[in-house]
2 protein chains.
Amino acid sequence: MVTIRDIAEATGVSATTVSNVIHGKDNRVSAETIQKINEAIKELGYVPNMSARSLVSSSSRVIGFVNHVITRENTNFMEDPFHSAAIGAIEATLRENGYFLMLRTVENAEELVTFLQRWNMDGLFFTGIFKDKFFDSLAGLHIPVVLLDSYVHTSGFCNVGLEDFTGSYNATKHLIEKGHRQIGFASPNIKDGGVLQERFLGYKSALAEAGIPFEKGIVFQQEMDLNSCRQICNDIVEHPELTGLVVSADIMAAGIMTGLKEKGKRIPDDISIVGFDDISLAQLVDPPLTTIHQDMNLKGRLAVDFMLQLLNGKTLDTTEITLSTRLVERSSVKDLR
Amino acid sequence: MVTIRDIAEATGVSATTVSNVIHGKDNRVSAETIQKINEAIKELGYVPNMSARSLVSSSSRVIGFVNHVITRENTNFMEDPFHSAAIGAIEATLRENGYFLMLRTVENAEELVTFLQRWNMDGLFFTGIFKDKFFDSLAGLHIPVVLLDSYVHTSGFCNVGLEDFTGSYNATKHLIEKGHRQIGFASPNIKDGGVLQERFLGYKSALAEAGIPFEKGIVFQQEMDLNSCRQICNDIVEHPELTGLVVSADIMAAGIMTGLKEKGKRIPDDISIVGFDDISLAQLVDPPLTTIHQDMNLKGRLAVDFMLQLLNGKTLDTTEITLSTRLVERSSVKDLR
DNA sequence: TATAATGAGTTAAACGTTAAACTTTTTTGC
DNA sequence: GCAAAAAAGTTTAACGTTTAACTCATTATA
């Protein structure tokens, strides 16, 4: 391993001077020396040791991307298709700015803080359900925190979210406007404080507004895989009164469509379906899925923008961005009027 | 920040002793002292500083997950659905074993090595196209390297791959056996040395074996998004002689199916399609897609198994695993006999 | 001309942890 | 009862980098 001292010796100069050149504090160094040092760096193949740097400067240039999971069972970090799109954008931008990205799932505040402290993290992207006590733990760390799709009662952290409530409200309202009155709700397991809960509340709110009584029996919760969707379909067909279904995730909507078709149901003739997310799949299923569109890539870009501004010590004019959604009409909803 | 010295002072013992306790070298420490130290650690909330540890021990407990991209334009780290499934499994297992995961795209060997050196990485997962010179650069680092879906002429690295050639060969042969003779090939842009090239070669090999001349004009290359697929469809319909199409990725197959249906083509009546990967989407499109199945999650699990064995200094009985594929017949292929 | 300011560096200490080489006391074997 | 071994530590140096505080010429200012 070649160190800064090797470069110093090779150029007949002190380690400090080399360090200064590397960090662009060249005003203290002559042009000639700068050149000699840069040549030596290239020649000897010097690569800065981040551990040493991090140790002395207590800034590591590492940003954590942490997903809070309630339990690790059956949890795949990337299960949410959103993550894939966002992480791609985040990695690219961070790299361009000289930062590094570390991935992690955590189950609680202690794990989270320990993780951040161990590495002297410079920043944190947080996804998943944000509990109140996370705030206290994180605030003490004094690092930029950007929340992604996390619902928070009160926090000073940056937050990039989505109008989950309104989106789901609009999905439901769309069915109502098309003359539907018996509308079910299918979703991956709803956890308190998560996006799915918001989407559930949006559904309920639209029903209430239209004077349609909410019925527990037509809320279907299950895992997202195809087999679970097939199970849900067993329940759905036991409610022949249903003419419409709001599904809080496109992946699941697609699974349910497949399951219903297997049972001989026609979509949208027998039952209309509205999804959520507008992942590329939505255009590919048959019939193409009417769904609530969100721009996942943009969410990632906005999040990393926030992060960079915070890292550069800029003061922000906004700390919260809630992206709006938009209904994309395709062919999975029948007009009953 | 509370350090190992704070713990030492609090318990009236030396830093080394604390370090020993933390690392389970307790044979040198009395039970009583161990307990006192552990209590102090808990009480004061001590968290080891990985930078310091890494600096002195030249082992960081960080594993890199690096994706080699030819050019960063239009490249999303997670574009390949495989990555999502694999990274989930890898993160979980690494964490359980006290390792950390850093994500990165690189464009060349230099970037790769610099990345690994900066952080004193303990191991590397590598995906994407593996160039010969990568080997020389990596070998000098003396860290475990596990290749994922990378084709390599000769290397001492562990390798978890897939029978891409055979899978694609079987996909093509399936069409031939069903009486097809005019079979096109659609794929995301084929790069030398990648999995897509293998799949392309498998296609050609099956044609050759059946005595069907290969025609350049019916190989269609494009990006994977829906609009690019629609473009491909413009070209495909200009070859009305085609009765079958091998598509080297399910995502693309789904896009092409949509595009073709928009143009009034019936699948499989007008044209039969075989995909590759068997992502969940394959069951959800209409008609359900006949495709080549691979177990992406297993790939990730095997890769991380390799890594852990290498990290633990175990000698391996195998260093190469090539997963086999299997044709899953659904409804996108018509029997012409 | 004396003094201040600038340019181009250097030295020494510090960051938190670990490894190697010691030390001191107690126990064991014969 | 004495040497050897084990138990339970300690001391010191080192890992590679940065930062704060110096130094020593040379140039500019009044």
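Note that the structure is a prediction, hence the values are computed from the model and not measured.
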TODO: Determine, stepwise, if the pair B/Leu162 / B/Val195 fulfils side chain to side chain contact (heavy atoms under 4.5 Å, CB included).
DONE: CA-CA 9 Å; B/Leu162 186 74; B/Val195 298; over 6 Å; no

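- With sequence neighbours excluded, no residue forms a side-chain hydrogen bond (donor to acceptor under 3.5 Å, both in side chains) with A/Thr319.
- One can place CD1 of B/Ile22 at 11 Å from C1' of C/dT18, the figure rounded to the nearest angstrom.
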Going by atom type alone, with no hydrogens or angles, which donor-acceptor pairs under 3.5 Å involve a side-chain atom of residues 39-52 of chain A and a protein atom two or more places apart or on another chain?
from, atom 1, to, atom 2, distance (Å)
A/Glu39, OE2, A/Gln35, NE2, 2.9
A/Asn49, OD1, A/Ser51, N, 2.8
A/Asn49, OD1, A/Ala52, N, 3.0
A/Ser51, OG, B/Ser54, OG, 2.8

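- Using a 4.0 Å cutoff on non-hydrogen atoms, the parts of residues 1-13 of chain B near DNA chain C are B/Met1, B/Thr3, B/Ile4, B/Arg5, ordered by number.
- Remark: B/Cys158 SG to B/Leu148 CG distance equals 10.5 Å, nearest 0.5 Å.
- For A/Thr17 and C/dG9, the shortest distance from a side-chain N or O to OP1 or OP2 is not below 4.0 Å.
- We find the CG-CD1 distance between A/Asp192 and A/Ile129 to be 7.5 Å, quoted to the nearest 0.5 Å.
- The distance between atom CG of B/Leu55 and atom C1' of C/dT18, rounded to the nearest whole Å, is 10 Å.
- By the 4.5 Å heavy-atom criterion applied to side chains, A/Leu138 and A/Phe130 are counted as neighbours.
- When the side chain to side chain contact (heavy atoms under 4.5 Å, CB included) test is applied to B/Ser155, the partners found at least two apart in sequence or on another chain are B/Phe135, B/Leu147, B/Val152, B/Phe157.
- A search for salt bridge (Lys or Arg N to Asp or Glu O under 4.0 Å) contacts involving B/Arg95 returns B/Glu91, not counting sequence neighbours.
- Screening residues 109-124 of chain B for salt bridge (Lys or Arg N to Asp or Glu O under 4.0 Å) gives B/Arg72-B/Glu111 as the qualifying pairs, with residues at least two apart or on separate chains.
- Taking the side chain to side chain contact (heavy atoms under 4.5 Å, CB included) definition, one finds that B/Lys133 meets it with B/Ala109, sequence neighbours left out.
- B/Asn67 and B/Thr127 share a donor-acceptor pair across their side chains, judged by distance under 3.5 Å alone.
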- [ ] Kindly express the pairing pattern of DNA chain C in dot-bracket notation, using | wherever a base pairs with another strand and counting only Watson-Crick or G-U pairs under 3.5 Å.
- [x] ||||||||||||||||||||||||||||||

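- The closest donor-acceptor contact from the side chain of A/Thr322 to the backbone of A/Gly161 lies at 3.5 Å or more, if one exists at all.
- Of the residues in residues 110-122 of chain B, none has a non-hydrogen atom less than 4.0 angstrom from any atom of DNA chain D.
- Inter-residue side-chain proximity for B/Phe125 and B/Ile87 is flagged as unmet; no heavy-atom pair is nearer than 4.5 Å.
- Contacts between chain A and DNA chain D, taken as any atom within less than 4.0 angstrom of a protein heavy atom, begin and end at D/dG16 to D/dA20.
- Within residues 28-42 of chain A, the residues having any heavy atom closer than 4.0 Å to DNA chain C are, in order of number, A/Arg28, A/Val29, A/Ser30, A/Thr33.
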Can you give each donor-acceptor pair under 3.5 Å made by side-chain atoms of residues 15-23 of chain A, sequence neighbours left out, with the distance rounded to 0.1 Å?
from, atom 1, to, atom 2, distance (Å)
A/Thr17, OG1, A/Ser14, OG, 3.2
A/Asn20, ND2, A/Thr16, O, 3.4
A/His23, ND1, A/Ser19, O, 3.0

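- Side-chain N/O atoms of B/Lys25 include one lying less than 4.0 angstrom from OP1 or OP2 on C/dA19.
- Residues A/Val113 and A/Ser137 approach most closely at CG2-CB, 3.3 Å, considering heavy atoms.
- Position along DNA chain D of the nearest nucleotide to B/Asn27 versus A/Thr16 favours B/Asn27 as the more 5'-ward residue.
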